[in-house]
Protein chains: 2
Amino acid sequence: MNVTIERKSDCAALPKGWQREEIMRKSGLSAGKVDVFYYSRGMRTDVSLVPPIRQTASIFKQPVTVYKTQDSKSKADLKHGTLDKPNQLFWAKRLEGLRACDVDGVELGPVELPKGLKPVGPNVDDGTLLQSVATSLHVTSQAVTGQQASKAVLQMNPGVFLNPDQPLMHSVNINEDDIRRQEDRVQVARRKLQEALKC
Amino acid sequence: MNVTIERKSDCAALPKGWQREEIMRKSGLSAGKVDVFYYSRGMRTDVSLVPPIRQTASIFKQPVTVYKTQDSKSKADLKHGTLDKPNQLFWAKRLEGLRACDVDGVELGPVELPKGLKPVGPNVDDGTLLQSVATSLHVTSQAVTGQQASKAVLQMNPGVFLNPDQPLMHSVNINEDDIRRQEDRVQVARRKLQEALKC
DNA sequence: CGGAGTGCTGAA
DNA sequence: TTCAGCACTCCG
């Protein structure tokens, strides 16, 4: 069966930026009927709309959190009563002293964190920070952004200002430069791989 | 809303020995919807039936391969003509010299492999072995078992005896002792975690 | 659990 | 009879 593919282009009658797509049903009782889809930007298959997967060494898939600029409530927000049980303050401290080990049971050395990540709270060092960040990335489905309150206020009164849903680190601001640097790193890695594979 | 949990028991309308289980989706866009499962023996929640996830530092989920003793064909076997394009011999060698680096671009040191893993083939060292094993774990959907041919024969005539679908390592035999040792390691790790969490 | 794709159905 | 709008299934 030959099918003429409809131009998926902007349509005069549509608000600016909207697109109309017509998909013909290919089989079944309703074969030949047409479903019409409208998109405000990008198409169904637009790869740029799919959040990338976190490049953490994790056995769980961890898609990056997407912030929507339009005020579209997420479906989860509309549901009532799916509250998780509250986290204990400083729960990450219970993991202190634990360390991953290799096949022979030898504990791994300390991991160096990026300079941007600063621990907060009494007696929170880089090790605890790493454990709380790693756990957050695995456990929470929210964005991992760190603590919003100032260092002084957190030190003074953590019971009030510490957010137990976030790791024990200062909030991190990712700026354009950080993104560019990360893109560069990815570029370099890709080039190396390409180089290696093309022989 | 109160929900009566369906007894997960034999149902009159089902053939003898079959069970029906209704599982409510707990999160996501389709939260609240129900998936229905039927089993002829055992339940879904029988932990022993769920293949464990490989504990590799991988962003892909990698369930351990399950060998069934009953002659139930796997789903993949039932599909016809899904042949992958053949692998090049010694493809892993193209990755030699590549190494992961940390956030600052500093390359990571060499990784120590378990004693059981021995490289095979001309000029294949532990680094190449690691890369080929890691790639196999990510790429293939088969069991990763290593090369079956003897070292002598592989060295002599790799074009004939090397299996490009397997990493450049000798076949590994996992015996009861290995399994027990691994179970012990898991026990120890679990106890440590439990200890840490119960304060 | 999500997404693509088809089935179903009440209103017109 | 038609079909918009959603329900539902299937599969990865």
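Sequence lines set the chain letters: A, B, ... in the order given, protein chains first and strands last, and positions in each chain run from 1. Values reported hereafter were calculated over all heavy atoms of this structure, with side chains retained and with hydrogens, waters and symmetry mates removed.
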Worksheet item: Just how far, in rounded Å, is C1' of D:dC8 from CD of B:E22?
Response: 15 Å
Fill in: Apart from B:L168 itself, residues in the same hydrophobic cluster as defined by side-chain heavy atoms under 4.5 Å
B:L89, B:F90, B:V120, B:V124, B:V153, B:L154, B:V160, B:F161, B:L162
Worksheet item: How would you list, by chain and number, every residue that makes a side chain to side chain contact (heavy atoms under 4.5 Å, CB included) with B:D35, sequence neighbours excluded?
Response: B:R25, B:F37
Response to the item:
salt bridge (Lys or Arg N to Asp or Glu O under 4.0 Å) filter on B:K93, not counting sequence neighbours, yields B:E96
Identify each atom pair where a protein N or O and an N or O of nucleotides 6-11 of chain C are less than 3.5 Å apart, giving names and distance.
unit_1, atom_1, unit_2, atom_2, d
C:dT6, OP1, A:K26, N, 3.3
C:dT6, OP1, A:S27, N, 3.1
C:dT6, OP1, A:S27, OG, 2.9
C:dG7, OP1, A:L29, N, 3.0
C:dG7, OP2, A:L29, N, 3.0
C:dG7, OP2, A:S30, N, 3.0
C:dG7, OP2, A:S30, OG, 2.9
C:dG7, N7, A:R25, NH1, 2.7
C:dG7, O6, A:R25, NH2, 2.7

Worksheet item: Atom NZ of B:K33 and atom C1' of C:dG2: how far apart are they, to the nearest Å?
Response: 12 Å
Worksheet item: What pairs with A:R181 under salt bridge (Lys or Arg N to Asp or Glu O under 4.0 Å), at least two apart in sequence or on another chain?
Response: A:D178
Practice prompt. Sequence neighbours left out, what pairs pass side-chain hydrogen bond (donor to acceptor under 3.5 Å, both in side chains) with at least one residue falling in residues 155-164 of chain B?
Written response: none
